[in-house]
Every structure is written in C-alpha cells, then in structure tokens.
Visitor: 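Before anything else, here's the structure in question.
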Amino acid sequence: MNNVQYFTAGGIVMGRSSMRTIMIVFFLLLPLTQGNAEDCIGDCEEGDLPTQVDQSIDKVKPIATEGGAPRKFKSEVNEIPQNIVAQIKKYSWQESCPVPIDKLAYIELSYWGYDSKHHTGELIVKADIADEVVDAFKIMYENKFPIERMELIEKYKGSDDDSMDANNTSAFNCRPITDQPGTFSLHSYGTAIDINPVYNPYVKKDKVLPRRGKKYADRTTSHKGMIKEGDAVHRAFKKHGWTWGGTQDWLSKRCNLDYQHFQKEPAVPRECN
C-alpha cells in the first residue's frame, strides 16, 4: 500500500506524500480565491457577492405576499362612480352641503389590517387634497399601522355613530360638528378623516364617543391602532399641514380631544361651553 501511485490530469506520476502536500497547499489558498465583501463595493451585481456573505442581510421583510412577490402599496384616485353618487345623495349629501359632489374624489388604497394582511379601503375626500391623503396612508402602510376597516359612510346609512362603533375609518360625511348643531363639520367639506374611532375616541369632559371607546380615553395605555403624538400617523398628516385632534393645543382651542380626527383646515377658535 505504501507504493500506491497517483496520476494527475497531465499524466504525471506522483507518490502519496507528494499528493498530500499538493492538497494541503490547495486548501490553504482556497479562501484567497473567493475574495472579500469589499472587493466589489459600489460595483456589485446581485449575484456577485462572495459566497461567504449572507445575502439575506438587510433585506426588508415583506408586508404580505401575492404570488410570491411583496405586496406594495397601491392607490387609485377617480371621480366618484355613479352607483356611489346615488348612495351619497341618499345618505350623506344634500343640496345644502358646502361642497358639490363633483369637487369630491373617490380613493381606493391599500391598508394594513388588524389581521396583519393587505386590504383595500375606500375614502371620499375633497379632490384637491386627494394626493395628500394617499401619501399619508402610504406612510402608514409602510409603517404597518393597523386599520380595522375603511368603508364609505354610506354602508352605515350616513350614521357617524354606527361608523365609529364599528371602528371604521372614514372621511366625507355632510354633517354638523359634534355638539354644534347647525355648523358644518369639516367632514362636510371632505377635508377631515377619522381613524380607528374606538381606539381613538372623541372626549369632552365625561362624554366619550363611541361609548365602547371609553377605556381608550386613557392615553397612557397602548393598543393596536392607537394614534399618539409624534408617531408615524401624526407625522404623515402633519407633513401636509393637517391638524390632529389629540393635542393639548387642540384641547385649549376646541374644549375637547378628538384622537381619531385629522383635518386640513384648522377650525376657528371658539369659547368653551
């Protein structure tokens, strides 16, 4: 056995000891042939990274998948379809409303659900701020802020109370300001949005709306879908000059806290009553 001979690809005859030496040198030099991660910084194609580098590093975990591809935020802004116009005229708009229907826009957009899945919701807003609304909800989606549902107020026959009680996120509804009959809410103009009302209730003294949101009036607690000052939701709307109803500044001017509410135009300060 000690006299075993090996033949190389070139036909050269080598003994066992010589072959062992060649193999040791080969394995010592192998790492040098693979290069370093720094070898192609700035010039790498996706498949050029060295084999010892974990190519999964820094990859963003997709929000959801469809056919194996990450679900991206999607939105469409259009004129209100005629079948929805008929519903609006029945439940949430009258001739006396401050904005004509043709000045409103119908938005379909992605949102991140309470079930951690991609959903498509509907909003109606004033047409000239539709792009701002889309951008704000895109930021919310990218931050995985959960929304339980996003349906038109017409599903609730124009009832703000029923919409809030369902924790529905909504925008346009031609109606008075809460506790101010005869004065149009900015929802009537399509320039206000209420988000997750149960977990972000309206609070005025002992009054909490919706009633099932009473325990969430305590903002020292946290819950899925809550909005807090300085969070991604607040920043997304503030970026476009919207006002949030959950600040002390709002409280001092309007005598309530409306945690669900964002509006484009600031309300005129009034005396508390």
Side-chain angles (χ1 to χ4, degrees), residues 58-64 70-77 105 107-150 163-164 167-172 185-187 189-203 213 216-254 256-269:
D58 294 331
K59 284 189 177 179
V60 178
K61 184 179 180 181
I63 288 177
R71 274 287 187 99
K72 294 181 180 180
F73 177 86
K74 295 181 180 179
S75 65
E76 285 191 24
V77 179
I107 304 176
E108 294 176 284
L109 51 76
S110 305
Y111 70 90
W112 177 247
Y114 271 43
D115 57 359
S116 299
K117 294 181 180 179
H118 170 106
H119 296 270
T120 300
E122 302 172 286
L123 292 172
I124 290 176
V125 301
K126 195 175 179 184
D128 60 7
I129 62 165
D131 289 344
E132 296 178 7
V133 172
V134 168
D135 184 63
F137 278 91
K138 182 176 186 288
I139 292 170
M140 292 160 62
Y141 183 82
E142 290 171 346
N143 280 272
K144 298 185 180 181
F145 178 82
I147 293 173
E148 186 160 9
R149 55 175 46 88
M150 191 187 301
S163 178
M164 285 194 297
N167 200 33
N168 182 48
T169 293
S170 66
F172 176 78
S185 161
L186 289 185
H187 289 280
Y189 296 83
T191 58
I193 297 174
D194 291 340
I195 300 172
N196 292 342
V198 169
Y199 304 109
N200 301 290
Y202 169 93
V203 181
Y216 305 109
D218 178 6
R219 308 308 282 185
T220 62
T221 63
S222 294
H223 193 278
K224 180 188 290 188
M226 262 190 179
I227 302 166
K228 297 202 174 183
E229 190 162 8
D231 70 4
V233 183
H234 185 205
R235 295 194 310 272
F237 281 96
K238 189 176 181 180
K239 169 185 175 182
H240 293 288
W242 289 57
T243 302
W244 179 45
T247 65
Q248 289 301 308
D249 182 63
W250 176 282
L251 175 63
S252 67
K253 294 175 180 177
R254 298 162 181 86
N256 63 66
L257 285 165
D258 200 354
Y259 296 109
Q260 65 198 261
H261 183 86
F262 287 90
Q263 64 182 41
K264 179 59 177 181
E265 291 85 4
V268 177

Visitor: With no hydrogens and no angle check, is any side-chain donor or acceptor of D231 less than 3.5 Å from a backbone partner on I227?
Guide: no
Visitor: Give the minimum heavy-atom separation between S170 and S163, together with the two atoms involved.
Guide: OG-OG, 3.9 Å
Visitor: Given F262, which partner from the list F237, F137, W242 fulfils the ring-ring contact (aromatic ring centres under 6.0 Å, His included) test?
Guide: F237
Visitor: Kindly compute the distance separating CG (N143) from CZ (R235), expressed to the nearest 0.5 Å.
Guide: 6.5 Å
Visitor: Answer yes or no: is there a donor N or O on one side and an acceptor on the other, between the side chain of Y114 and the main chain of K224, under 3.5 Å?
Guide: yes
Visitor: Looking only at non-hydrogen atoms, find the nearest pair between Y141 and K72 and report the distance.
Guide: CE2-C, 4.2 Å
Visitor: Please tell me if the side chains of T120 and H118 come closer than 4.5 Å, counting only heavy atoms from C-beta onward.
Guide: yes
Visitor: Which distance, rounded to the nearest 0.5 Å, do you find between the CE of M164 and the OG1 of T169?
Guide: 12.5 Å
Visitor: Rounded to the nearest 0.5 Å, how far apart are CH2 of W112 and CD1 of I147?
Guide: 12.0 Å
Visitor: If I compare all heavy atoms of N200 with all of G225, which pair ends up nearest, and what's the gap?
Guide: ND2-O, 3.0 Å
Visitor: Identify the two heavy atoms, one from A192 and one from H187, that lie closest to each other, and give their separation to 0.1 Å.
Guide: O-ND1, 3.3 Å
Visitor: Would F73 and V134 count as a side chain to side chain contact (heavy atoms under 4.5 Å, CB included) if you check the C-alpha gap in whole Å, the side-chain angles of each, and the deciding distance to 0.1 Å?
Guide: CA-CA 10 Å; F73 177 86; V134 168; 4.0 Å; yes
Visitor: Could you check whether the rings of H234 and W244 sit parallel, tilted or perpendicular, using 30° and 60° as the cut-offs?
Guide: tilted
Visitor: Please name the pair of heavy atoms, one in E229 and one in T247, separated by the smallest distance, quoted to 0.1 Å.
Guide: OE2-CG2, 4.0 Å
Visitor: Verify the neighbour count for atom CG of D131: are there more than 12 heavy atoms of other residues, nucleotides or ligands below 6.0 Å?
Guide: no
Visitor: With a 4.5 Å cut-off on side-chain heavy atoms, are T191 and Q263 touching?
Guide: no
Visitor: Do any N or O atoms from the side chain of K264 and from the backbone of H240 form a donor-acceptor pair under 3.5 angstrom?
Guide: yes
Visitor: Under the side chain to side chain contact (heavy atoms under 4.5 Å, CB included) criterion, do V125 and E132 qualify, and how do the steps go?
Guide: CA-CA 10 Å; V125 301; E132 296 178 7; over 6 Å; no
Visitor: Testing the basics here: between P197 and N167, what is the closest heavy-atom pair and its distance to 0.1 Å?
Guide: N-OD1, 3.1 Å
Visitor: Indicate the ring-plane relationship of Y216 and Y199, choosing parallel, tilted or perpendicular according to the 30° and 60° boundaries.
Guide: perpendicular
Visitor: At what distance, to the nearest 0.5 angstrom, does CD1 of I193 lie from CD of Q260?
Guide: 12.0 Å
Visitor: Which word best sums up how the rings of W250 and H261 line up, parallel for under 30°, tilted for 30 to 60°, or perpendicular for over 60°?
Guide: tilted
Visitor: Quick one: pull up CD in E148 and NE2 in H119 and give me the separation to the nearest 0.5 Å.
Guide: 10.0 Å
Visitor: Under 3.5 Å, side chain of K228 to main-chain N/O of R219, donor-acceptor pair present?
Guide: yes
